[in-house]
Amino acid sequence: MHTIDQLIQASCQQHTDKVALQYKYKGEWKPITYTKLWDTVEKLAAGIVQLEIKKKSHIALLGPSSPRWVVSYLAILRAGCIAIPIDKELKASELRHILNDSNTEAVFVGQPQFDTLLEVVDDLPKLKKLILIDTPLAELTDQDDAAERMENLTALWKELVKDLEIPSARRKPIEEAAIQAYSGLAQQEGVTGKKKKGLNFLSESAMSRHRLLKEKRLFYYKDIFNSTPLAPADHQPEDRAVILYTSGTTGRSKGAMLSHRNIVSNIEAANQRFQLDSSIKTLSFLPINHVFEQVCGVLLPLSLGGQVSFAESIKKLGDNLNEIKPTFLIGVPAVYRLLLDRIMKNINSKSLSRLLYKYPLTRTIVAKKVKQSLGEGTTFVSGGAALDPAIAEGFHSLGLNLLQGYGITETSPIISAESPFKNKPGTTGEVLEGIEVLIDNPNSDGEGEIKVKGPNVMLGYYNNKKATAEALSNGWYRTGDLGRIDEDNMLSICGRVKNLIVTPNGKNVYPEEIENQLLKSPYIAEVMVYGHKVGATSEEVYAVIFPNEEALFELAKNQADEPISAAEIEILIRKEILTCGRDLADYKRVKKFTLREDDFPKTTTRKIKRYVVEPEISTN
């Protein structure tokens with residue numbers, strides 16, 4: 001078996017002139033061939049070695065999805081190091097935790113994330129090198145002499161403020177005037193050749209930036225390229241390749257260690273399940289630090305000689321789909337719900353298309369137009385969270401093939417998936433070839449905790465023996481998910497073990513099932529169902545709801561533009577809960593609910609962070 005970098009290198013050597021990656025720049029798609037991709041990987045890997053970063057060192061990736069992110073990831077592996085992909089949306093404190101916990105020695109970082117990183121760089125003693133992916137150093141700082149003078153001036157000013165105990169009310173106007181004067185001079189004299197906003201040379205981050213430059217710890221991506229050929233890689237499939245910090249819905253993130261074998265085995269098993277080849281075209285729009293996008297959205301197509309295009313943004317996803325017409329697209333349920341809502345809204349906005357869609361015989365006319373805009377033979381795959389069967393049925397009614405898969409970070413990621421040749425709405429398909437699944441301690445309905453064994457199961461959690469021992473036993477990984485396998489050998493996910501609600505009558509209720517039912521209401525944007533304790537061992541079904549503000553606005557417009565009061569919103573949502581509850585057994589129905597004024601905090605795959613919301617519920 002290959003390592004990840006060897007797998008992609010072999011593909012690059014086989015598909016030399018084909019387009020590997022492409023991105024939008026100034027309105028045009030810019031292609032990167034397989035030859036160019038691997039040539040750049042080799043130069044960057046040699047640059048990493050030249051920076052005296054040793055093999056097996058931990059190097060983080062902190063930035064948006066882009067060809068440079070992919071090149072950096074592959075170069076880290078090619079240099080024999082370990083990649084630590086990090087969520088670009090993390091706050092400074094979360095970033096500090098991951099970089100310290102992972103013992104990261106170097107980081108490839110995008111410009112917006114660099115500013116966040118500067119806030120905590122002094123708290124990261126092991127971080128020695130910072131490489132800017134997208135911004136030349138000249139655009140970050142002033143000419144060397146000017147920078148030196150400003151740094152000295154800043155240090156002297158801060159000493160003066162401290163010694164004389166100058167109050168904030170006196171200090172701030174002086175600092176603001178100095179910053180404005182300096183910004184004006186910098187722009188007038190063309191210090192960097194580019195106009196800059198807010199040149200706050202007195203800020204802690206500016207001082208940190210100057211110090212990093214002075215200490216020769218800050219580099220630009222292209223500046224470290226080295227044409228000296230590297231010796232053939234000597235790392236093995238069993239070696240650690242990446243450490244992925246779980247975004248987590250239940251608490252502090254842990255670093256799952258995945259080997260080259262873990263990931264490559266999953267790429268091969270996924271390819272077998274979906275029957276893909278070198279004609280594959282994907283549109284990458286999920287966060288690339290997430291294992292689902294990383295493995296299935298980028299590495300899988302690259303291993304086959306396919307084409308990966310990077311979406312401009314979620315807002316432009318529809319336009320990009322129309323331009324690229326991918327043959328294979330991976331997404332999360334929240335995105336597919338949004339996409340289906342937009343399609344149906346467009347159909348219902350025109351009387352003719354609405355009429356044609358109403359009848360099965362003429363629905364194909366509407367479906368054909370939808371398929372033309374998205375891609376005739378596109379296979380859509382949903383993962384990252386449970387997919388409402390109604391969404392899959394909505395796609396199928398339009399002739400679109402939406403499949404569901406199940407996986408987690410710790411299993412690299414896919415455990416099971418429907419295939420174009422065998423699927424069953426409401427299930428996550430058959431378990432992938434080479435992977436074993438055991439339903440532990442099943443109840444009378446055959447439902448129990450899902451345990452997984454196979455070449456895709458992680459090595460363990462980095463620096464966390466206790467968590468590893470709790471999750472892994474004799475090669476079996478406890479997923480914490482409840483599921484069952486039916487007579488067709490299809491795996492269904494019922495919910496999380498920790499989220500299970502047990503009613504006073506001893507009935508089991510899965511919050512995810514109720515949430516999917518409530519989300520059918522046009523007036524409910526987001527919902528979290530939970531168990532409210534009514535006894536020592538029993539709970540009732542409660543919900544926290546964030547209303548759909550756009551739908552409420554439309555409703556107000558139709559009511560002579562009169563604003564809807566909070567009491568009216570509550571009555572409306574109560575009616576929606578009762579309507580949605582008609583299709584549920586009595587014991588599953590929501591007994592009480594509260595409304596949120598803002599959306600829920602979520603992970604990168606759009607799952608609600610229950611551990612953040614639950615303390616708020618207890619407090620209120």
Side-chain angles (χ1 to χ4, degrees), residues 265-286 292-293 295-309 317 321-322 324-333 335-337 339-340 343 360 363-364 366-407 411-435 437 456 483 485-493:
S265 71
N266 210 245
I267 289 170
E268 291 173 348
N271 179 30
Q272 193 176 347
R273 175 56 46 93
F274 297 118
Q275 294 292 296
L276 302 167
D277 57 31
S278 62
S279 65
I280 181 175
K281 288 200 300 182
T282 67
L283 181 64
S284 175
F285 67 90
L286 293 178
F292 186 35
E293 181 63 32
V295 175
C296 304
V298 178
L299 294 177
L300 171 59
L302 289 180
S303 72
L304 295 169
Q307 178 181 296
V308 179
S309 303
L317 182 59
L321 278 169
N322 194 23
I324 299 299
K325 294 186 170 49
T327 62
F328 188 75
L329 188 83
I330 67 164
V332 292
V335 171
Y336 287 122
R337 184 183 291 278
L339 190 58
L340 182 62
I343 292 168
R363 189 174 296 160
T364 52
V366 179
K368 189 178 180 183
K369 287 194 172 183
V370 172
K371 284 196 281 187
Q372 283 173 347
S373 66
L374 297 178
E376 286 282 353
T378 306
T379 296
F380 297 91
V381 180
S382 178
L387 177 70
D388 182 354
I391 303 297
E393 286 162 15
F395 268 74
H396 293 157
S397 73
L398 292 162
L400 300 171
N401 199 16
L402 176 57
L403 308 174
Q404 185 172 196
Y406 164 62
T411 57
S412 311
I414 308 179
I415 295 167
S416 68
E418 295 180 282
S419 84
F421 316 103
K422 186 176 180 181
N423 50 75
K424 189 176 182 180
T427 76
T428 62
E430 289 185 292
V431 173
L432 260 57
E433 194 74 30
I435 297 171
V437 160
N456 61 320
I485 295 175
D486 66 16
E487 65 282 357
D488 297 316
N489 220 25
M490 307 292 256
L491 178 66
S492 293
I493 313 303

query = Which value, rounded to the nearest 0.5 Å, describes the distance between Leu317 atom CG and Phe285 atom CZ?
reply = 5.0 Å
inquiry  = The test is side-chain contact (heavy atoms from CB on, under 4.5 Å); show your working for Ser373 and Leu321 and say whether it passes.
reply    = CA-CA 7 Å; Ser373 66; Leu321 278 169; over 6 Å; no
message = Please find the pair of heavy atoms, one from Ile343 and one from Leu398, that lie closest to each other, and give the distance.
response = CG2-CD1, 3.7 Å
note = One should read off an interatomic distance between Leu400 CG and Leu329 CG, to the nearest 0.5 angstrom, of 11.0 Å
key: Reference residue Phe380; test ring pair (Phe, Tyr, Trp, His ring centres under 6.0 Å); the match among Phe395, Phe274, Phe328   = Phe395
key: Test side-chain contact (heavy atoms from CB on, under 4.5 Å) applied to Ile435 and Asn266, step by step   = CA-CA 9 Å; Ile435 297 171; Asn266 210 245; 4.2 Å; yes
message = Go through it in stages, so that I can follow the logic: the residues are Thr428 and Glu418, the test is side-chain contact (heavy atoms from CB on, under 4.5 Å), and I'd like the CA-CA distance, side-chain angles, deciding distance and then a yes or no.
response = CA-CA 6 Å; Thr428 62; Glu418 295 180 282; over 6 Å; no
Side chain Gln404, main chain Thr427, donor-acceptor under 3.5 Å = yes
message = Once rounded to the nearest 0.5 Å, what's the spacing between atom CG of Asn401 and atom NE2 of His396?
response = 5.5 Å
request  = Compare all side-chain heavy atoms of Leu304 with those of Leu302 and state whether any distance is below 4.5 angstrom.
outcome  = no
query = Which value, rounded to the nearest 0.5 Å, describes the distance between Leu300 atom CG and Leu276 atom CG?
reply = 5.5 Å
remark   = Note: Pro333 and Gly383 closest approach over all heavy atoms is CD-O, 3.4 Å
request  = Using modelled atom types only, decide if a donor and an acceptor are shared between the side chain of Tyr336 and the backbone of Val381 within a distance under 3.5 Å.
outcome  = yes
Distance-only side-chain donor-acceptor flag, Glu293 / Ser284, under 3.5 Å = yes
request  = Ignoring hydrogens and angles, tell me if any N or O in the side chain of Ser278 forms a donor-acceptor pair with the backbone of Gly306 under 3.5 Å.
outcome  = no
Gap separating the CZ atom of Phe292 from the OG atom of Ser382, nearest 0.5 angstrom = 7.0 Å
message = Looking at Lys424 and Glu487, is any side-chain nitrogen of the basic one under 4.0 Å from a carboxylate oxygen of the acidic one?
response = yes
Point-to-point distance, once rounded to the nearest 0.5 Å, from OG of Ser416 to CD1 of Ile493 = 5.5 Å
key: N/O donor-acceptor pair under 3.5 Å between Asn271 side chain and Ile267 backbone   = no
query = Any idea which heavy atoms bring Gly297 and Pro301 closest together, and the distance?
reply = O-CG, 3.4 Å
note = Closest non-hydrogen contact found for Ile324 with Ser309 is CD1-OG, 3.6 Å
ask   = So do the side chains of Gln275 and Ser419 get within less than 4.5 Å of each other, counting heavy atoms only?
value = no
task = Locate the shortest heavy-atom distance separating Glu433 from Ala269; write the atom from each residue and the value.
result = O-CB, 4.0 Å
task = Would you please test Leu402 and Thr379 for side-chain contact (heavy atoms from CB on, under 4.5 Å) and show each step?
result = CA-CA 6 Å; Leu402 176 57; Thr379 296; over 6 Å; no
message = Salt bridge or not between Asp488 and Lys422? Use side-chain N to carboxylate O under 4.0 Å.
response = no
Heavy atoms of other groups near Gln372 CD, more than 12 under 6.0 Å = yes
Side chains of Pro420 and Leu403 in contact at under 4.5 Å (non-hydrogen atoms) = yes
key: Closest non-hydrogen atom pair between Arg273 and Glu430, with its separation   = NH1-O, 2.6 Å
